There are 2 protein chains.
Amino acid sequence: MKHHFLKNDGSVLDKRTRQQMEYIRILSKMNKAMTIPEIAEAVQTSIPTATTIITDLLENNWILIQGKRETGPGRNPAIYSVNTEQFYAIGLIIGLKKAQLVIININQSEVYKKSISDFNLENTKGCLNQLVDFVSACIKEFEASISKVLGLGVGITGRVNVHTGETLNYFNFMEVPFKQYLEARLKIPVHVENDTRITGFTECEFGKGKGSDNIILINLDRGLGLSMVVNGKLLLGNSGFAGEFGHMKFGTKERLCICGKKGCLGTEVSGYALQLDFEEALSKGCQSLLLKEDQGEISFFDILEGANNGDLTSIDLIQAQGLKLGEALGSILNLLNPKDVIVGGSFVVVNDLLLDAIKVGLKKTCLPMVMKECRIMLSELSANMYCRGAASLVLKSHDLI
Amino acid sequence: MKHHFLKNDGSVLDKRTRQQMEYIRILSKMNKAMTIPEIAEAVQTSIPTATTIITDLLENNWILIQGKRETGPGRNPAIYSVNTEQFYAIGLIIGLKKAQLVIININQSEVYKKSISDFNLENTKGCLNQLVDFVSACIKEFEASISKVLGLGVGITGRVNVHTGETLNYFNFMEVPFKQYLEARLKIPVHVENDTRITGFTECEFGKGKGSDNIILINLDRGLGLSMVVNGKLLLGNSGFAGEFGHMKFGTKERLCICGKKGCLGTEVSGYALQLDFEEALSKGCQSLLLKEDQGEISFFDILEGANNGDLTSIDLIQAQGLKLGEALGSILNLLNPKDVIVGGSFVVVNDLLLDAIKVGLKKTCLPMVMKECRIMLSELSANMYCRGAASLVLKSHDLI
DNA sequence: GCCTTTTAATTAAAATTATTATTAATAGTC
DNA sequence: GACTATTAATAATAATTTTAATTAAAAGGC
């Protein structure tokens, strides 16, 4: 595994290098071109010292002069910013049917994007190779030297132990954790995360959670996921398993969950559950517009779309799920008292239909004082954005954002 | 409000003062007498610089020479430690029937202790005055100059907004928050916290949660409280209301909660609930040893004691509560994946009777992978310890522990 | 008991950093 | 357009900090 100038592997660095890294961090965090006096103020050093370090960084091409700032009276200062062509981070989201990759620069601007068209996540050597080759090919195509890549942030579905980099559901057949394997083959530092937690992080960085350091993100898709950001940091849990909301006992139906128990929320609130709900409704004699269209199996996407087209059965089922979700969520809000709750995942297409039902449910269980300052919102981020979030996680790990 | 040498009010300090504070912090955190080379290593400066700053601190009486260290070969170094008579923190726990105060020094050793014998917490000006006078009298009796007191940490029952220092249930009749009022009258910095969160913090600092930065503390007393420590920090929530576990909808009885809803866990798992359970059991014809003793009203303390004496009715009721608590707790564990769960409060007197029942309940709802690494334990801390915890919160806020 | 080894503490010299003064550049004013 | 006010950048000087060298103090071997 190679290391970038901005290494954070715990090795001892000389003072000047540490100073230089600090300057890069300040420039990156501020995310704007800064003058030497501003930088000196920010890093708490004198202007002459700042000048020498800035000159150093300039000579090594880590930063660039962006011109001069137009001020009022007085000499116009030169402004400096990080050289975006020296700092890249890669994000990779591995879904069940899709793998997406994005490369961003230190400004978090997307500079490259690619996805595997026909992907099927399998716990096999072949699938693993396909992913590694894909990432390698992307890096090659982008033509950025490996030495300019700070790292790869991976969001993968299923359970992940962030501390060790192990993935529990996929690529668990190697002797080393997934993270270590990728680092060995790609020669760049790798951060592995659960996909739902990536969505939570992304929402905090780019979405509606921006500016808040205390949010809950619900990922309502085929499954039901939850991630929490507390004190500005992702809540990972002792073994990295935090966020298992789907197994909360709140259900009333007799469905058996994959965890072996009954009453799990995920068996009654999720895309998967919605399909079952629909089948049950039909068997009870409910009518639906969806049946008129001559299609094979009806997926939960179809049901969501049906609701948007006015199909009453679909609407009823989704509202019932929203209500139940809201009620269960109320207990979580009482526990964590978050600033915002953001609901993401495929279900957002039905918009207020879901949101209002959740709010109705919340009222039943959530304490008024907790509800009072808490906003419940739908996510507006795209899948592509989550991929950028995974890349941003790398920047975050270097304290650059 | 006066300020100690170690101020943390955000005012700009000169470089040498900041350095001195850093040295004090290092010495305090290490909690042992250190040699100059060790200190220099810890603060990452050269030995001559460390020597001058240590000399400075010594002259100002902030630190003391503790003698020499006996080493192997080579000259024996002088060892320095913080002057414990310069740094005091006060802890005050305000309960319903008791108010306790403790003064600790920077080593967290108790140097003074006092409590109000006949106290009754009321939301009145009189009660407030009683408390302020009590604290003032203690400071006076201890004869420590106000300038040597870093602050007062208050743990008060009921809801508290840590960010503003407001108390919602008590002393809410002033124009300024409780915290501000105390600061104005006592002239020392004040930190106000919820009593349950104090117990969580204490457990992490002195109790079984020591060394872990990811624990859940259940406070099972007259009421049911919960506090969480995540990433080494108390989870406060956006408005400081985090931890409302008692209103989780898990109940099966028809009891109305003070929140206006039914099914709240706190109405079925708590000391208060235990008394109701007992009355119900009797009305259904259950027998109990407790009735033989000629006493007036039977409190939940009596029932806990009864269980320890073999009273079957008491045992049954407590086990039923433990089971229910365990089941509800399982969902929280799935969500937060803590390292440890520590059960505190008056209920600990029944020991394994409660703990085993909780474990049985947990098995029903908690995911095996979450349970696997999580220890469920009873607290062994005394009320006095929580008071010290409140004081330690002050030290923590100064980054001294 | 004296010498060697080892580590602490002090001192001296070198390097670094900050403060102050000076010069440079720009905008507005008379 | 020259002058003034203002801020940036640089140079010179002062202060601080570090590195290196020296001295001091202790332990152990012969």
Side-chain angles (χ1 to χ4, degrees), chain A residues 11-27 30 32-83, chain B residues 11-27 30 32-83:
Chain A
S11 59
V12 180
L13 303 166
D14 62 36
K15 192 180 172 187
R16 179 49 54 99
T17 310
R18 272 186 285 128
Q19 274 183 321
Q20 290 184 336
M21 287 167 64
E22 174 71 7
Y23 275 61
I24 295 281
R25 282 196 199 98
I26 291 285
L27 277 171
M30 298 295 186
K32 61 172 185 185
M34 291 171 81
T35 69
I36 287 180
E38 283 171 350
I39 298 169
E41 167 71 25
V43 297
Q44 291 268 23
T45 47
S46 67
I47 289 170
T49 311
T51 307
T52 53
I53 290 165
I54 289 292
T55 309
D56 264 25
L57 289 169
L58 210 50
E59 278 171 5
N60 289 301
N61 215 244
W62 298 116
I63 63 172
L64 297 172
I65 293 189
Q66 296 292 9
K68 298 221 165 196
R69 178 173 299 166
E70 306 276 325
T71 53
R75 178 172 171 176
N76 290 355
I79 47 175
Y80 304 82
S81 68
V82 183
N83 184 353
Chain B
S11 59
V12 180
L13 304 167
D14 63 36
K15 193 180 170 187
R16 179 47 55 100
T17 310
R18 273 186 285 126
Q19 273 182 322
Q20 290 184 337
M21 287 167 64
E22 173 71 7
Y23 276 61
I24 296 282
R25 281 195 200 99
I26 290 285
L27 277 171
M30 296 294 186
K32 62 170 185 185
M34 292 171 81
T35 69
I36 287 181
E38 283 171 350
I39 298 169
E41 167 71 25
V43 297
Q44 289 269 22
T45 47
S46 66
I47 288 170
T49 312
T51 307
T52 53
I53 291 165
I54 289 293
T55 309
D56 265 24
L57 289 168
L58 210 49
E59 278 170 6
N60 288 301
N61 215 243
W62 298 117
I63 63 172
L64 297 172
I65 293 189
Q66 296 292 10
K68 298 221 163 194
R69 177 173 299 165
E70 306 276 325
T71 52
R75 178 172 171 177
N76 291 357
I79 47 176
Y80 304 83
S81 67
V82 183
N83 183 352

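Values in this document were obtained by computation on a predicted structure and should not be read as measured data. Here is how names work: the chains are called A, B, and so on, in the same order as the sequence lines, proteins then strands, and each is numbered from 1.
- Spacing between atom CG of B:Asp56 and atom C1' of D:dT16 amounts to 13 Å, rounded to whole angstrom units.
- A:Gln44 places its CD atom 16 Å from the C1' atom of C:dT19, with the value rounded to the nearest Å.
- A side-chain donor-acceptor contact under 3.5 Å links B:Ser46 and B:Thr49.
- Annotation: the span from A:Leu64 atom CG to A:Tyr80 atom OH amounts to 11.5 Å, rounded to 0.5 Å.
- Computed from coordinates, the B:Asn76 CG to C:dA8 P distance equals 9 Å when rounded to whole Å.
- Residue B:Arg69 places none of its side-chain N or O atoms closer than 4.0 Å to OP1 or OP2 of D:dA25.
- Put simply, CD1 on A:Ile36 is 14 Å from C1' on C:dA24, counting in whole angstrom units.
- Donor-acceptor pairing under 3.5 Å, judged by distance alone, is absent between the side chain of B:Arg75 and the base of D:dA26.
- For the side chain to side chain contact (heavy atoms under 4.5 Å, CB included) with B:Ile63, the qualifying choice from B:Ile39, B:Asn83, B:Ile24 is B:Ile24, the only one to do so.
- For the pair B:Ile47 and A:Ala50, both in contact range of DNA chain C, the more 5′-proximal nearest nucleotide belongs to B:Ile47.
- Of the candidate nucleotides C:dT26, D:dA9, C:dT6, D:dA9 has the atom nearest to the side chain of A:Ala78.
- Counting any heavy atom pair closer than 4.0 Å across all strands shown, A:Pro77 reaches sugar-phosphate atoms only and no base atom.
- We find that CD1 of B:Ile79 is positioned 18 Å from P of C:dT7, with the value rounded to whole Å.
- With rounding to whole Å, B:Ile54 atom CD1 is found 14 Å from C:dA8 atom C1'.
- As judged by a 4.0 angstrom heavy-atom cut-off over every strand, B:Thr45 is placed among residues touching the sugar-phosphate backbone only.
- B:Ser46 has a side-chain polar atom (N or O) that falls below the 4.0 Å cut-off from OP1 or OP2 of D:dT18.
- Distances shorter than 4.0 Å separate some side-chain N or O of B:Gln19 from OP1 or OP2 on D:dT17.
- OP1 or OP2 of C:dT17 sits under 4.0 Å from a side-chain N or O of A:Arg16.
- Straight-line distance from the CZ atom of B:Arg18 to the P atom of D:dT17: 11 Å, rounded to whole Å.
- Nucleic acid contact for B:Pro37: sugar-phosphate only, since backbone atoms but no base atoms lie under 4.0 Å from a heavy atom of the residue.
- Looking at the side chain of B:Pro73, the nearest of the listed nucleotides C:dA9, D:dA27, D:dT17 is D:dA27.
- Taking CD1 from A:Ile54 and OG1 from A:Thr35, the interatomic distance works out to 9.5 Å, rounded to the nearest 0.5 Å.
- Under the side chain to side chain contact (heavy atoms under 4.5 Å, CB included) rule, B:Ile79 has a single partner from B:Lys32, B:Gln66, B:Glu38, B:Lys68, which is B:Gln66.
- Across the protein-nucleic acid pair, A:Tyr80 atom OH and D:dA9 atom P stand 6 Å apart, rounded to whole Å.
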